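Encoded as structure tokens, the structure appears first; notes follow it.
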There are 2 protein chains.
Amino acid sequence: MTDLSIGELSRRVAVKVPTIRYYEQIGLLPVPPRTEGRQRRYGAQAVSRLRFIRHARDLGFEVEAIRELLSLSAMPEQPCEPADRIVLRHLESVERRIEQLSLLRAELRHMLDDCTHGQVRECRIIQVLADHEQCRHEHGRTV
Amino acid sequence: MTDLSIGELSRRVAVKVPTIRYYEQIGLLPVPPRTEGRQRRYGAQAVSRLRFIRHARDLGFEVEAIRELLSLSAMPEQPCEPADRIVLRHLESVERRIEQLSLLRAELRHMLDDCTHGQVRECRIIQVLADHEQCRHEHGRTV
DNA sequence: GTACAATCTCTAGCGGCTAGAGGTTCAAGA
DNA sequence: TCTTGAACCTCTAGCCGCTAGAGATTGTAC
């Protein structure tokens, strides 16, 4: 396999061209060799590193976490516990987020249920926004 | 009730001072009157408008949606259907987000379950990131 | 040789704030 | 009345993870 241009790499890994350059800029991807005309050329290693990054981003890891995971993956003899901790930390934040959003969903559903589909004057949606205390009181929930 | 300084408004509505100035800047809050020394002073109307904004932000509405909701709330004789639609649209996006995050959560849990807590060399977490195909195959899921 | 797609660098923008510098005003206490 | 000093002011820049665009250069297929 010959080296890839940034566009070919982009198509192969499904990461946009400016994003690849951005990853290089922030040090997630190493500086690649260039052609005489200063265009980037990527080898197999860059492909798998970028794939790693993309999968981690798909799983919602932050760039800093990915940086740590990448450097761990380069140390095969170390214990994998630090990687474990990173994943656990992320899982917990995802779980917290899901809980928050579930509360939100309930709240929004109530708003829609209560709406009488009449005029703004008597619209519960607008009323709830204008005076949230009322909402809490009526539904007996703490928001 | 006399007019409030921006700090008093901030404490009363639980919105930070720079955020209030930001809302003014983007036109969510009207330009308030000033003292002779150019300090902002807020009346009761500003308090309730800011409360409205805060509740809507707490419910995850984007600024543009809030702008629409605010202008609807100023037209009590109009049908409330547009407000309805905004809330529904938001609810749907919250629901989509919850679904995405639930898939993510499952994925992360699998990663942790599969981890043998040994060396990075044999760590499933790192392997899954390095080669996602393997993961899909083993769990029989499409990610 | 020529056309033109792809690449290059650089800067700015997105949303929704937040932080800090450096200067001014207000209000309470002496 | 004067003096602190907390609160206010404006302005710019930064956060995250990209994305978009301008304007110039390079690579490649015909």
Side-chain angles (χ1 to χ4, degrees), chain A residues 2-29 31-42 46 49-50 52-70 86 89-90 93-94 97 100 104, chain B residues 2-29 31-42 46 49-50 52-70 86 89-90 93-94 97 100 104:
Chain A
T2 176
D3 284 353
L4 304 172
S5 73
I6 197 168
E8 289 162 337
L9 176 62
S10 166
R11 278 186 294 280
R12 191 167 294 205
V13 185
V15 172
K16 288 180 187 162
V17 168
T19 304
I20 296 173
R21 286 197 279 249
Y22 170 71
Y23 287 159
E24 178 186 329
Q25 191 189 309
I26 63 172
L28 226 44
L29 282 177
V31 173
R34 305 268 187 140
T35 64
E36 282 195 6
R38 307 197 139 275
Q39 297 197 356
R40 292 167 178 84
R41 287 298 177 267
Y42 296 95
R49 193 174 175 96
L50 184 55
F52 188 108
I53 295 168
R54 193 178 84 79
H55 296 153
R57 284 298 298 139
D58 284 351
L59 289 168
F61 287 99
E62 292 176 6
V63 164
E64 277 320 300
I66 297 175
R67 217 185 281 279
E68 291 175 58
L69 289 169
L70 277 167
I86 291 169
R89 184 157 34 95
H90 182 43
S93 93
V94 167
R97 191 87 190 97
Q100 288 169 0
L104 208 56
Chain B
T2 175
D3 284 353
L4 304 172
S5 73
I6 196 169
E8 289 162 337
L9 177 62
S10 166
R11 277 186 295 279
R12 191 167 294 205
V13 184
V15 172
K16 289 181 186 160
V17 168
T19 304
I20 296 173
R21 286 196 279 248
Y22 170 71
Y23 287 159
E24 177 185 330
Q25 192 189 309
I26 63 172
L28 268 193
L29 283 177
V31 172
R34 305 268 186 140
T35 63
E36 282 195 5
R38 307 195 138 276
Q39 298 197 356
R40 293 167 178 84
R41 287 298 177 266
Y42 296 94
R49 193 173 174 97
L50 184 55
F52 188 107
I53 294 169
R54 193 178 83 80
H55 296 153
R57 285 296 299 139
D58 284 350
L59 290 168
F61 287 99
E62 293 176 6
V63 164
E64 276 321 299
I66 296 175
R67 218 185 281 279
E68 290 175 59
L69 289 169
L70 277 167
I86 291 170
R89 183 155 39 92
H90 182 43
S93 93
V94 167
R97 191 87 189 98
Q100 287 169 0
L104 209 55

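These numbers come from the heavy atoms of this one structure, side chains and all, not from hydrogens, waters or symmetry mates. The structure displayed is predicted, hence computed values, not measured ones. A note on names: the letters A, B, ... follow the listed sequences, proteins ahead of strands, and every chain is numbered from 1.
- Side-chain atoms of A:His55 never come within 3.5 Å of backbone atoms of A:Leu50 as a donor-acceptor pair (strictly under, hydrogens ignored).
- The footprint of chain B on DNA chain D, defined by a heavy-atom cutoff below 4.0 Å, extends from D:dC8 to D:dT10.
- What separates CG of B:Leu28 from P of C:dG15 is a distance of 12 Å, to the nearest Å.
- With sequence neighbours left out, the side-chain contact (heavy atoms from CB on, under 4.5 Å) criterion links B:Phe52 to A:Ile126, A:Leu129, A:Ala130, B:Leu69, B:Leu70, B:Ser73.
- Legend: residues meeting side-chain contact (heavy atoms from CB on, under 4.5 Å) with B:Arg21, ordered by chain and number and at least two apart, are B:Ile6, B:Val17, B:Arg40.
- Applying the 6.0 Å contact sphere to CD of B:Glu24 captures more than 12 heavy atoms from other residues, nucleotides or ligands.
- B:Arg38 is linked by a side chain to side chain donor-acceptor pair (under 3.5 Å) to nothing, counting only residues two or more places apart in sequence or in another chain.
- With sequence neighbours excluded, the residues that form a side chain to side chain donor-acceptor pair (under 3.5 Å) with B:Gln100 are B:Arg97.
- In plain terms, the two heavy atoms of A:Leu28 and A:Arg49 that are nearest each other are O-NE, 2.9 Å.
- Here the closest non-hydrogen pair linking A:Arg54 and A:Val15 is CD-CG2, 3.4 Å.
- Residues that satisfy the side chain to side chain donor-acceptor pair (under 3.5 Å) test with B:Gln25, not counting sequence neighbours, are absent from this structure.
- Residues that satisfy the salt bridge (Lys or Arg N to Asp or Glu O under 4.0 Å) test with A:Glu36, not counting sequence neighbours, are absent from this structure.
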Please tabulate the protein-to-nucleotide N/O contacts below 3.5 Å involving nucleotides 16-18 of chain C, giving atom names and distances.
residue : atom : partner : partner atom : Å
C:dC17  : OP2  : B:Tyr23 : OH           : 2.8
C:dC17  : OP2  : B:Arg57 : NE           : 2.8
C:dT18  : OP2  : B:Thr19 : OG1          : 3.0

Seminar exercise, completed: In 5'-to-3' order, the base (B), backbone-only (S) or no-contact (-) status of each nucleotide in nucleotides 3-10 of chain C, using a 4.0 angstrom heavy-atom cut-off, is ----SSB-
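- Within the helix from C:dG1-D:dC30 to C:dA30-D:dT1, the inter-axis angle between the opening and closing five-pair segments is 10°, rounded to 10°.
- Among residues two or more places apart in sequence or in another chain, the side-chain contact (heavy atoms from CB on, under 4.5 Å) test is passed with A:Ala65 by A:Phe61, A:Ile86.
- When all heavy atoms of B:Ile26 and B:Arg67 are compared, the pair lying nearest together is O-NH1, 2.8 Å.
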